[in-house]
Amino acid sequence: QQQVKQSPQSLIVQKGGISIINCAYENTAFDYFPWYQQFPGKGPALLIAIRPDVSEKKEGRFTISFNKSAKQFSLHIMDSQPGDSATYFCAASTQGGSEKLVFGKGTKLTVNP
Amino acid sequence: DSGVTQTPKHLITATGQRVTLRCSPRSGDLSVYWYQQSLDQGLQFLIQYYNGEERAKGNILERFSAQQFPDLHSELNLSSLELGDSALYFCASSVARASGGRGDGELFFGEGSRLTVL
């Protein structure tokens, strides 16, 4: 049973474009929603995270949009760059932090120059 | 560099065998997590240790076990290996809140141990 559904599986965008990755969840007890970025041969690294008391969080070119009523959250990458090419994972937990994080299956992003 | 060290990086073994994966967390981090990453299942939480004690359990098989030692390094033991156990095994550490608190900090992942079972 997958508790966090992520889409699309893969995404190709042009340099300078906007990349959008979506995640949906069912468990209303989730209260922490991080996004992790993974480059080939490396472990995932935290990119940005949000808690359900806000609807949007922005850090540089990366923005999380959170819709509590729809039980959905998304990652927007503005002005996408070839260096952003990586696999992105959304995740969620009920512990307010990183305990027992449930991850989506990942989105492989390719940004063409 | 996340500061989390995992050994070995690659391991090839046969079905039925037993292997041990080792993890050294970031300096000062008391909490260690183990995750399994496979193509079809994605990242699956296996188990968490905090300062030597098991704190949370996820989808860890009975053939698998882990422990955290007084120096805070951790080992994941995989036994009676099957073809389906082939995967990347990640260790992560965090600045965990004390028991009863909420919200462990971000996870810092190692580069993983790739296990191939033939």
Side-chain angles (χ1 to χ4, degrees), chain A residues 1-10 21-25 27 29-54 57 59 62 64 86-109, chain B residues 1-6 9-10 21 23-26 29-50 53-60 88-114:
Chain A
Q1 177 190 3
Q2 188 183 359
Q3 298 188 52
V4 178
K5 292 186 178 180
Q6 184 172 346
S7 62
Q9 216 171 352
S10 63
I21 304 171
N22 300 299
C23 284
Y25 63 96
N27 188 348
F30 284 146
D31 59 3
Y32 175 65
F33 302 90
W35 285 87
Y36 279 78
Q37 178 189 55
Q38 184 179 24
F39 293 104
K42 301 293 185 182
L46 180 67
L47 188 63
I48 186 172
I50 198 168
R51 298 183 194 279
D53 52 341
V54 296
K57 183 173 182 180
E59 290 186 2
F62 301 91
I64 299 180
T87 299
Y88 292 81
F89 294 92
C90 61
S93 76
T94 60
Q95 309 291 319
S98 298
E99 297 96 330
K100 301 183 79 171
L101 271 176
V102 177
F103 282 84
K105 289 197 173 183
T107 296
K108 185 174 181 181
L109 171 66
Chain B
D1 183 5
S2 67
V4 177
T5 304
Q6 287 187 250
K9 289 193 183 304
H10 302 276
L21 308 180
C23 169
S24 294
R26 290 190 324 156
D29 284 355
L30 299 180
S31 208
V32 168
Y33 308 73
W34 287 97
Y35 278 84
Q36 180 192 56
Q37 185 175 41
S38 60
L39 281 175
D40 56 341
Q41 293 296 321
L43 270 163
Q44 297 280 314
F45 169 68
L46 295 178
I47 197 164
Q48 177 196 358
Y49 277 82
Y50 173 77
E53 299 291 326
E54 181 183 305
R55 191 166 198 180
K57 221 167 188 176
N59 301 321
I60 188 166
L88 254 176
Y89 291 84
F90 283 105
C91 170
S93 70
S94 76
V95 179
R97 304 307 193 262
S99 177
R102 283 180 61 79
D104 277 9
E106 72 176 274
L107 296 181
F108 292 86
F109 283 84
E111 295 193 345
S113 293
R114 182 173 293 281

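Naming: A, B, ... by sequence-line order, numbering from 1 per chain.
With ring centers used as reference points, Tyr35(B) lies under 6.0 Å from Phe103(A).
The shortest distance between side-chain heavy atoms of Phe108(B) and Leu46(A) does not fall below 4.5 Å.
Lys108(A) meets the salt bridge (Lys or Arg N to Asp or Glu O under 4.0 Å) test with no other residue; sequence neighbours excluded. Not counting sequence neighbours, the partners of Gln37(B) by the side-chain contact (heavy atoms from CB on, under 4.5 Å) test are Gln38(A), Phe89(A), Leu43(B), Leu88(B), Phe90(B).
When all heavy atoms of Lys42(A) and Glu111(B) are compared, the pair lying nearest together is NZ-OE2, 2.8 Å.
Atom CZ of Arg26(B) is surrounded by more than 12 heavy atoms from other residues, nucleotides or ligands within 6.0 Å. Environment of CD in Glu59(A): crowded, with over 12 heavy atoms of neighbouring residues, nucleotides or ligands closer than 6.0 Å.
Lys9(B) does not touch chain A: none of its heavy atoms, backbone or side chain, sits under 4.5 Å away. In this structure, no portion of Pro34(A) lies under 4.5 Å from any heavy atom of chain B.
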Evaluate ring pair (Phe, Tyr, Trp, His ring centres under 6.0 Å) for Tyr36(A) paired with Phe109(B), printing each intermediate quantity in order. CA-CA 10 Å; Tyr36(A) 279 78; Phe109(B) 283 84; 5.8 Å; yes
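Atoms CD and CD1, from Glu106(B) and Ile48(A) in turn, are 12.5 Å apart once rounded to the nearest 0.5 Å.
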